[in-house]
Number of protein chains: 2
Amino acid sequence: MAKTESKQLTRDKLLDEGVALIMAQGYHGTGLQDILHSVGVPKGSFYNYFASKEDFGAETIRHYIEPFILQLDCHLRRPELGGAEALQAYFWELIEESARRQFKGGCLLGNLMGEIGDTSDACRESLRQAVHRYRDKLREGIARAQDEGAYRRDRTAEELADFLVDAWQGALLRMKVEQSIRPLEECFRNLLEGYFRA
Amino acid sequence: MAKTESKQLTRDKLLDEGVALIMAQGYHGTGLQDILHSVGVPKGSFYNYFASKEDFGAETIRHYIEPFILQLDCHLRRPELGGAEALQAYFWELIEESARRQFKGGCLLGNLMGEIGDTSDACRESLRQAVHRYRDKLREGIARAQDEGAYRRDRTAEELADFLVDAWQGALLRMKVEQSIRPLEECFRNLLEGYFRA
């Protein structure tokens, strides 16, 4: 295997482990040592991969959001579904996954917006970009639902997408302390089946 | 001053300092040392006040939410305002305070639900109780707005209050990464001026 390819694999492993550990212990509660140890990377070589813990945090955020955007995109590409149905299918999948995971973790973006959203500039910028990328993909589905006459048109697709992102983040926080998917189901019901409807 | 009174004062100071430090640095990022040092309490005497860091966290959460409930209650008692107007006055005050604080901190409950909501049992229970106490006070205003014909009645006051709590928490997270009160204004507009209206 070429050296750069192997380096990329190790880097991805470090990011995967970063997601898992920061999700469980928070950003401040996660030491670089823990991450390196779990991937079997020698202590001194961390800086071959990342410039600093903050840089690692910012990259972990980018790494985390991609699968969610892909998953949402898959639903939006299902030819048999309208925009509103695709969004419902996607969020229903998220609710089922949260139940399977026993309400653990929530969303790394929400957890980090709370913990370091206004203290680390690099992580804030990475969080902002990740939320915008996710919001933009939701906007696609919402705009289609508006065009198809399923969603209200007195607010722009971007305004509705922003509100959906925020309300969903709040519901994920609440899920963790209630140990229940009810807050997610309520968000789904109030917005996707309620406020957003034409 | 009586000894128990002085002990209570020191305990309150430790909790005030706990709110400020945990807000700025997160739960894991805040050492007991920092808190004791800032209040001038000798290292060994922390356990005269709290059983553990976790117990301190749980008490800090209780200590934090009280002024918000009082502030909301003040608006609900204003005889010239209906339920919907009282809620609008209260949330408008929160938005103005957030702008004055330059979007710093957000809400301690939201930050801690994200960081330790599913890892510390004692803190989760304290967060759950604090959120419920706050939700119950909001429910009072919402029920009044429903009785007065201002708010929709096809959802219970408790369901609407739960959704408002969650959506507002999400908006506060977003405020921090956007460095803007716009997410709060949008939550206000979408719920208090939108979805909740009869």
Side-chain angles (χ1 to χ4, degrees), chain A residues 23-30 102-119 123-132 152 154-155 159-160 162-179 182-184 186-187 189-191 194-196, chain B residues 23-30 102-119 123-132 152 154-155 159-160 162-179 182-184 186-187 189-191 194-196:
Chain A
M23 193 77 115
Q25 307 169 181
Y27 178 80
H28 287 108
T30 300
Q102 291 284 297
F103 334 116
K104 276 280 169 206
C107 172
L108 190 73
L109 300 190
N111 299 355
L112 290 182
M113 282 194 271
E115 191 187 348
I116 52 169
D118 58 2
T119 47
C123 291
R124 175 175 61 238
E125 185 50 28
S126 181
L127 285 165
R128 211 177 61 87
Q129 284 174 10
V131 167
H132 285 204
R152 66 192 306 146
D154 60 341
R155 308 294 322 263
E159 285 169 338
L160 294 180
D162 272 323
F163 186 52
L164 177 55
V165 167
D166 296 350
W168 187 255
Q169 286 294 348
L172 284 164
L173 294 182
R174 187 76 179 273
M175 170 190 80
K176 299 210 291 181
V177 296
E178 300 286 353
Q179 294 280 288
R182 181 131 197 271
L184 304 184
E186 283 294 301
C187 184
R189 181 176 175 195
N190 283 308
L191 298 187
Y195 182 56
F196 284 9
Chain B
M23 193 78 116
Q25 306 169 182
Y27 178 81
H28 288 108
T30 300
Q102 290 285 298
F103 334 114
K104 276 279 169 206
C107 172
L108 189 73
L109 300 190
N111 298 355
L112 290 182
M113 283 195 270
E115 190 187 348
I116 54 168
D118 57 2
T119 48
C123 291
R124 175 174 62 239
E125 185 50 29
S126 181
L127 285 165
R128 213 178 60 87
Q129 284 174 10
V131 168
H132 286 205
R152 66 194 305 148
D154 60 341
R155 309 292 326 260
E159 286 168 337
L160 294 180
D162 272 322
F163 187 52
L164 177 55
V165 168
D166 296 350
W168 187 256
Q169 286 295 348
L172 283 164
L173 294 182
R174 187 75 178 275
M175 168 190 82
K176 298 211 291 181
V177 295
E178 300 286 354
Q179 295 281 288
R182 180 130 197 271
L184 304 183
E186 282 295 298
C187 184
R189 181 175 175 193
N190 283 307
L191 297 187
Y195 182 57
F196 285 9

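Note that this is a predicted model, so its numbers are computed, not measured. These numbers come from the heavy atoms of this one structure, side chains and all, not from hydrogens, waters or symmetry mates. All chains are named by letter (A, B, ...) in the order of the sequence lines, taking the proteins before the strands, and each is independently numbered beginning at 1.
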* To do: Let me see the working for A/His132 and B/Glu178 under side chain to side chain contact (heavy atoms under 4.5 Å, CB included), right down to the final yes or no.
  => CA-CA 10 Å; A/His132 285 204; B/Glu178 300 286 354; 2.6 Å; yes
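- Listed for the A/Asp118 side chain is a donor-acceptor partner under 3.5 Å among the backbone atoms of B/Gly105.
- For the atom pair CZ (A/Phe196) and OH (B/Tyr195), the distance works out to 11.0 Å, reported to the nearest 0.5 Å.
- Heavy-atom distances place the backbone of B/Phe103, and not its side chain, under 4.5 Å from chain A.
- With respect to chain A, the highest number of heavy-atom pairs below 4.5 Å among B/Leu112, B/Asn190, B/Leu172, B/Val165 belongs to B/Asn190.
- Residues A/Leu109 and B/Val177 are not in side-chain contact: their nearest non-hydrogen atoms beyond the backbone lie 4.5 Å or more apart.
- Interface check for chain B: of the options A/Leu108, A/Thr30, A/Asp166, the most heavy-atom pairs under 4.5 Å are formed by A/Asp166.
- One finds the CG atom of B/Leu173 at 9.0 Å from the CG atom of A/Asn111 (value rounded to the nearest 0.5 Å).
- Of the listed residues (B/Ala167, B/Pro183, B/Gly106), the one with the most heavy-atom contacts under 4.5 Å to chain A is B/Ala167.
- For the set A/Glu125, A/Gln102, A/Arg155, the count of heavy-atom pairs under 4.5 angstrom toward chain B peaks at A/Arg155.
- Between chain B and the options A/Glu186, A/Arg124, A/Gln169, heavy-atom pairs under 4.5 Å are most frequent for A/Arg124.
- Sorted pairs that involve residues 107-117 of chain A and meet salt bridge (Lys or Arg N to Asp or Glu O under 4.0 Å), not counting sequence neighbours, are lacking altogether.
- Salt-bridge formation is not detected for the pair A/Asp162/B/Arg182: no Lys NZ or Arg NE/NH1/NH2 atom is positioned less than 4.0 Å from an Asp or Glu carboxylate oxygen.
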